[in-house]
Colleague: 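Okay, handing you the structure first.
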Amino acid sequence: MRMVSDHQINTQMKAILVPLVFLLSLTTHAQQKTIIRTKTELLASLKNNPNKTLINLSTYIPGITLDIRYATTNNFTHQILYTNPIPYLRKPAADALKKVQAALNKRGLRLIIYDAYRPLSVTQKIWDHVHDSRYAANPTNGSGHNRGLSVDVSIISIMGKENTGLNMGTDFDNFTDTAAHTFKKLDQQVLINRKRLKATMEKHGFKSLNTEWWHYSWPNNGGYELIDISFEEINN
Ligand SMILES: C[C@@H](N)C(=O)N[C@H](C)C(=O)O
Ligand SMILES: [Zn+2]
């Protein structure tokens, strides 16, 4: 009788497993790059997965403040990048942000939102200006914002003047080293403010981005597609 050695079994298993893992990774990759371009496609994708629903943060989270910069010229491009914005996040991310707001409220603070969902075409416009993957997503891969999973955010005092965030050391979209979480040559109060935002967001499941103190993302653990639909079409 022919004996099969452990080595032969291992080699055979590898011959099956390696191409299988490769094929699986290709499938996942392809899934991640799916781009939804019409409202009909969006509605179809939401149908079987309520977690994919885009939630309007301005009605879902009491007391949230909006300063949607890309809908104004008060952003680093000095151009209006989209119109009629609604701050959308997918359901699990919106639920988590609601908890962040509740936690901040207990400390006399509240959230201010600079950007949430952003169409993929806007990520292209931003990339054309910045062209630096430390500060802007490459549109070839897309951004968490295009999936409704990322949010650009700061905190303000409950009693504070509208739109005046706590001192974070730099403005939103300051693309320099000073905006990084690891940059520590800042006033003690700035470090405390950044830490409070980061700790509260991370406690509720968001991931920070070292280079931008304002950018937080919900993990893409639900096959959330990239979306390239204008606010006008989504809201219609
Ligand atoms: C452009 C900036 N506000 C931002 O959101 N950057 C991250 C990296 C992104 O584009 O996803
Ligand atoms: Zn961002």
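Remember, predicted model here, so these are calculated numbers, not experimental data. Ligands are counted one by one from 1 in listed order, and the atoms in each one are counted from 1 as well.
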Colleague: With a 3.5 Å cut-off and no angle check, do the side chains of Y224 and N49 form a donor-acceptor pair?
Modeller: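 Absent: no donor and acceptor within the cut-off.
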Colleague: For ligand 1, find out whether one of its N or O atoms is nearer than 3.5 Å to an N or O atom of E212.
Modeller: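 N/O-N/O distance below 3.5 Å exists for this pair.
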Colleague: Has ligand 1 got any nitrogen or oxygen that is less than 3.5 angstrom from a nitrogen or oxygen of A137?
Modeller: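 Such a contact does occur with ligand 1.
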Colleague: Take every heavy atom of T123, measure it against each atom of ligand 1, and state whether any distance is under 4.0 Å.
Modeller: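 No heavy atom of T123 comes that close to ligand 1.
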Colleague: So which of the N, O or S atoms of H215 lies nearest the Zn ion (ligand 2)?
Modeller: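 That would be atom ND1.
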Colleague: Going by atom types alone, do S150 and W218 pair a side-chain donor with an acceptor below 3.5 Å?
Modeller: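 Note: S150 and W218 side chains miss the donor-acceptor criterion.
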Colleague: Who's the nearest protein heavy-atom neighbour of atom 3 (N) of ligand 1, and how far?
Modeller: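 Checked against all protein heavy atoms, atom 3 (N) of ligand 1 sits closest to D173 OD1, 2.8 Å.
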Colleague: Test of understanding: with side chain to side chain contact (heavy atoms under 4.5 Å, CB included), list the residues that count as partners of N84, not counting sequence neighbours.
Modeller: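 With neighbours one apart ignored, the set is E232.
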Colleague: With L209, which residues qualify under side chain to side chain contact (heavy atoms under 4.5 Å, CB included), at least two apart?
Modeller: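 L209: side chain to side chain contact (heavy atoms under 4.5 Å, CB included) contacts with T211, E212, H215.
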Colleague: So for Y216, does at least one of its heavy atoms come nearer than 4.0 angstrom to any atom of ligand 1?
Modeller: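 Under 4.0 Å: no for Y216.
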Colleague: For the Zn ion (ligand 2), give me the closest N/O/S atom belonging to H145, just the atom name.
Modeller: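 The Zn ion (ligand 2) is closest to the H145 atom NE2, counting only N, O or S.
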Colleague: Among protein heavy atoms, which lies nearest atom 5 (O) of ligand 1, and at what distance?
Modeller: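 For this ligand atom, the closest protein heavy atom is R118 NH2, 2.9 Å.
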Colleague: Check whether any N, O or S atom of D152, backbone or side chain, sits closer than 2.8 Å to the Zn ion (ligand 2).
Modeller: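 D152 does place an N, O or S atom closer than 2.8 Å to the Zn ion (ligand 2).
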Colleague: Which protein non-hydrogen atom lies closest to atom 11 (O) of ligand 1, naming both residue and atom, and how far is it?
Modeller: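 For atom 11 (O) of ligand 1, the nearest protein heavy atom comes out as S143 OG, 2.7 Å.
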Colleague: Look at the aromatic rings of F172 and Y114 and report parallel, tilted or perpendicular, splitting at 30° and 60°.
Modeller: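 F172 and Y114: parallel rings.
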